[in-house]
Amino acid sequence: MENKTINLGIFGFGVVGQGLYEVLNRTKGINARIKKICIKDPNKSRPIDSSYFTTDKNEILEDPTIDVVVELINDTEAAFEIVSTALRNGKAVVSASKRMIAENLPALYQLQAENKVPFLYEASSCASIPIIRNLEEYYDNDLLNAVEGICNGSTNYILTKIFEENLSFTTALQQAQDLGFAETDPTLDIEGYDPKFKIVILLLHAFGTFVKPEEVFNFGIHHLNDFDIQFAKQRNCTIKLIAQCRRQNGHVSSYVLPHLIKEHNLLYDVYNEYNGILLESAFTDKQFFVGKGAGGTATGSAVLSDISALVYNYRYEYKKIKQNNQPSFTNDVNLKVYLRYKTPDQVDLAEFFNISEKYESTEWRYVVGTINLQKLREAGWLKNKNVNLLVLE
Ligand SMILES: NC(=O)c1ccc[n+]([C@@H]2O[C@H](COP(=O)([O-])OP(=O)(O)OC[C@H]3O[C@@H](n4cnc5c(N)ncnc54)[C@H](OP(=O)(O)O)[C@@H]3O)[C@@H](O)[C@H]2O)c1
């Protein structure tokens with residue numbers, strides 16, 4: 001595609017679609033033009049000329065002059081249909097849809113190989129942080145031990161407002177939604193599903209292991225209360241929702257859980273809609289990436305960077321898969337946690353060991369102890385809204 005003008009067919013003109021439009025208009029270095037934008041609702045008013053728009057997906061998918069399909073919609077099933085048809089039709093594809101990608105990674109990997117076309121999705125994980133391309137290109141050996149961090153801009157925004165400005169959970173969530181940081185369905189953010197989709201994608205590029213999202217345990221910040229916030233503050237800590245994957249003894253484990261974060265931790269100072277990713281490897285110890293993890297132009301700039309990479313025939317090589325020494329996935333790891341509850345019948349303390357702290361008051365109780373991640377996945381009692389959990393460093 002070098003030197004020629006790239007014709008783009010875009011699906012979706014919401015937060016990210018409009019962000020891409022703005023970024024594209026302000027970037028002189030790339031020779032790309034939008035030929036068509038497919039949207040869902042023909043009656044919505046649009047900020048740009050109506051001749052751009054269609055509701056017929058085939059005007060893009062069947063147009064031989066369109067080189068790159070950019071998929072930026074909020075409907076997982078329709079997104080997979082669009083992306084797979086585009087790849088089958090021999091078009092390069094760029095997408096930001098982390099859920100669609102995480103749920104279909106093996107099929108999407110296969111489609112790229114069969115049709116010999118690139119599929120890039122940097123914006124799907126941590127929006128503006130170029131983490132996938134770094135995992136692909138720089139960390140192409142087996143010395144990487146862990147990828148962990150804050151992968152969800154909207155929960156980080158909420159937690160920042162709670163800890164820095166003493167806002168209530170509800171007010172902070174509303175602000176995140178108003179600013180376009182929260183997903184259309186906020187439970188995906190606050191219950192930790194959105195960062196789970198991202199860590200599933202990062203895990204594949206870090207370690208070469210395909211993991212289904214349902215195999216990864218996620219528990220978000222939806223049960224957080226003032227007692228937990230005080231617990232953190234008394235220990236000079238903050239709370240961050242952490243997504244992690246870690247290799248140990250030939251296995252890789254992964255989860256999304258709220259963590260108590262001490263001041264010396266690099267993730268402590270990641271505020272608002274920013275994301276932060278810490279990589280741990282054998283010889284470099286820790287390396288830290290930080291950048292905006294949500295929002296129209298921040299995400300749009302990662303989409304544009306993928307479009308630009310296609311000009312130079314870039315594609316993911318999935319080297320870790322090809323190296324053939326992938327760690328197998330396990331949930332058999334132990335975590336030191338704080339468990340807060342109201343009455344003893346609400347939890348199963350028999351699952352805990354090494355209990356080092358116990359607290360009881362008329363209103364709340366907690367223990368600090370160790371539990372196996374697999375037991376946490378099976379613990380129905382975590383669904384009780386009077387029960388909350390924080391991982392301790
Ligand atoms: N927002 C962020 O900060 C962010 C960051 C990273 C990744 N993402 C991901 O990027 C994707 C888009 O997010 P968003 O925040 O831009 O969503 P959004 O603001 O809700 O916009 C969604 C767009 O998709 C269109 N759409 C829905 N179904 C469609 C279909 N079947 N065919 C054509 N168009 C369809 C909608 O059309 P109408 O306009 O007609 O309703 C709308 O323009 C999502 O997968 C999201 O997870 C978002």
Side-chain angles (χ1 to χ4, degrees), residues 125-129 131 134-135 139 143-166 172 189-190 192 194-196 198-199 202-203 206 216-221 224 228-248 252-294 333-340 354 356-357 366 368-371 373 376 388-393:
S125 288
C126 304
S128 75
I129 303 179
I131 186 67
N134 267 293
L135 289 172
Y139 299 91
L143 299 171
L144 197 63
N145 294 329
V147 178
E148 74 162 345
I150 298 164
C151 298
N152 181 266
S154 107
T155 48
N156 203 47
Y157 182 89
I158 293 167
L159 289 169
T160 302
K161 294 291 157 187
I162 291 172
F163 274 84
E164 303 296 315
E165 294 174 26
N166 295 319
D189 295 311
I190 61 172
D194 173 86
K196 170 159 89 169
K198 294 166 181 168
I199 203 74
L202 296 182
L203 195 154
V216 175
F217 181 61
N218 61 293
F219 182 78
I221 59 168
L224 195 70
D228 306 325
I229 293 162
Q230 281 319 310
F231 177 86
K233 285 185 173 170
Q234 277 161 10
R235 283 158 180 75
N236 295 323
C237 288
T238 189
I239 295 171
K240 300 285 188 190
L241 185 60
I242 301 296
Q244 183 191 90
C245 55
R246 183 173 291 279
R247 173 171 33 201
Q248 255 170 339
V252 62
S253 60
S254 182
Y255 65 73
V256 176
L257 285 166
H259 276 221
L260 213 65
I261 299 284
K262 291 181 185 153
E263 261 181 86
H264 67 79
N265 189 320
L266 289 163
L267 296 168
Y268 186 99
D269 289 320
V270 178
Y271 297 117
N272 296 317
E273 78 274 30
Y274 279 76
N275 283 186
I277 289 283
L278 271 173
L279 300 183
E280 279 178 41
S281 63
F283 297 117
T284 53
D285 193 9
K286 287 185 198 299
Q287 285 161 312
F288 186 44
F289 295 74
V290 67
K292 280 189 177 174
V333 289
N334 293 331
L335 301 172
K336 187 177 178 189
V337 299
Y338 149 98
L339 177 78
R340 185 261 302 153
N354 295 340
S356 58
E357 249 184 274
Y366 75 78
V368 171
T370 305
I371 187 167
L373 180 57
L376 274 184
N388 193 35
L389 186 90
L390 300 170
V391 176
L392 306 186
E393 279 186 281

Q. Can you list the steps and then say if Ile150 with Leu159 is a side chain to side chain contact (heavy atoms under 4.5 Å, CB included)?
A. CA-CA 11 Å; Ile150 298 164; Leu159 289 169; over 6 Å; no
Q | For Glu165, all residues meeting salt bridge (charged side-chain N to carboxylate O under 4.0 Å, His left out), sequence neighbours excluded | A |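 Once residues adjacent in sequence are excluded, the partners of Glu165 under the salt bridge (charged side-chain N to carboxylate O under 4.0 Å, His left out) criterion are Lys161.
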Q. Considering residues at least two apart in sequence or located in another chain, which fulfil the salt bridge (charged side-chain N to carboxylate O under 4.0 Å, His left out) criterion with Glu280?
A.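 Partners of Glu280 by the salt bridge (charged side-chain N to carboxylate O under 4.0 Å, His left out) criterion, ordered by chain and then number, come out as Arg246, Lys286.
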Applying side chain to side chain donor-acceptor pair (under 3.5 Å), can you list everything that pairs with [X], at least two apart in sequence or on another chain?
X	value
Lys233	Asn166
Asn236	none
Asn275	none
Thr160	none

Point-to-point distance, once rounded to the nearest 0.5 Å, from [atom1] of [X] to [atom2] of [Y]:
X	Y	atom1	atom2	value
Ile190	Asn152	CD1	CG	10.0 Å
Leu373	Phe217	CG	CZ	7.5 Å
Asn388	Ile239	CG	CD1	7.5 Å
Leu143	Ser281	CG	OG	7.0 Å

Q: Check step by step if side chain to side chain contact (heavy atoms under 4.5 Å, CB included) holds for Leu335 and Leu257.
A: CA-CA 11 Å; Leu335 301 172; Leu257 285 166; 3.6 Å; yes
I'd like to know if the side chain of [X] reaches the main chain of [Y], judged simply by a donor and an acceptor atom lying under 3.5 Å from each other, with no hydrogens or angles considered.
X	Y	value
Lys240	Val270	yes
Asn156	Tyr274	yes
Asn265	Leu267	yes
Arg247	Ala146	no
Thr238	Tyr268	no

Q: Run the numbers on Leu202 and Ser125 for side chain to side chain contact (heavy atoms under 4.5 Å, CB included), then give the verdict.
A: CA-CA 7 Å; Leu202 296 182; Ser125 288; 3.8 Å; yes
Smallest separation among heavy atoms of [X] and [Y], with atom names:
X	Y	result
Gly220	Leu241	CA-CD1, 3.9 Å
Ser128	Gly291	OG-C, 3.7 Å
Leu389	Leu376	CD2-CD1, 3.8 Å
Phe288	Leu278	CD1-CD2, 3.8 Å
Ala282	Asn145	N-ND2, 3.8 Å
Asp228	Arg340	OD2-NH2, 2.7 Å

Q. Can you check side-chain hydrogen bond (donor to acceptor under 3.5 Å, both in side chains) on Gln287 and Tyr139, steps first, answer last?
A. CA-CA 11 Å; Gln287 285 161 312; Tyr139 299 91; 2.6 Å; yes
Are the side chains of [Y] and [X] in contact, using a 4.5 Å heavy-atom criterion?
X	Y	answer
Leu390	Val337	no
Leu203	Val216	no
Ile221	Asp189	no
Ile277	Val290	no

**Q.** With Tyr338 via ring-ring contact (aromatic ring centres under 6.0 Å, His included) - residues at least two apart
**A.**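 Partners of Tyr338 by the ring-ring contact (aromatic ring centres under 6.0 Å, His included) criterion, ordered by chain and then number, come out as Phe231, Tyr366.
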Considering residues at least two apart in sequence or located in another chain, which fulfil the side chain to side chain contact (heavy atoms under 4.5 Å, CB included) criterion with [X]?
X	value
Asn218	Tyr193, Lys196, Val256
Asn334	Phe353, Thr370, Asn372
Ala294	Phe181

(Q) Closer than 4.0 angstrom, basic N to acidic O: yes or no for Glu357 and Arg235? (A)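 Result for this pair is yes, salt bridge flagged.
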Q) Given the rule in the side chain to side chain contact (heavy atoms under 4.5 Å, CB included) test, do Leu392 and Val368 qualify, once you have shown the distances and angles that lead to the verdict? A) CA-CA 9 Å; Leu392 306 186; Val368 171; 3.4 Å; yes
**Q.** Sequence neighbours excluded, every pair satisfying salt bridge (Lys or Arg N to Asp or Glu O under 4.0 Å) that has a member inside residues 252-273
**A.**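 Found Glu273-Lys292.
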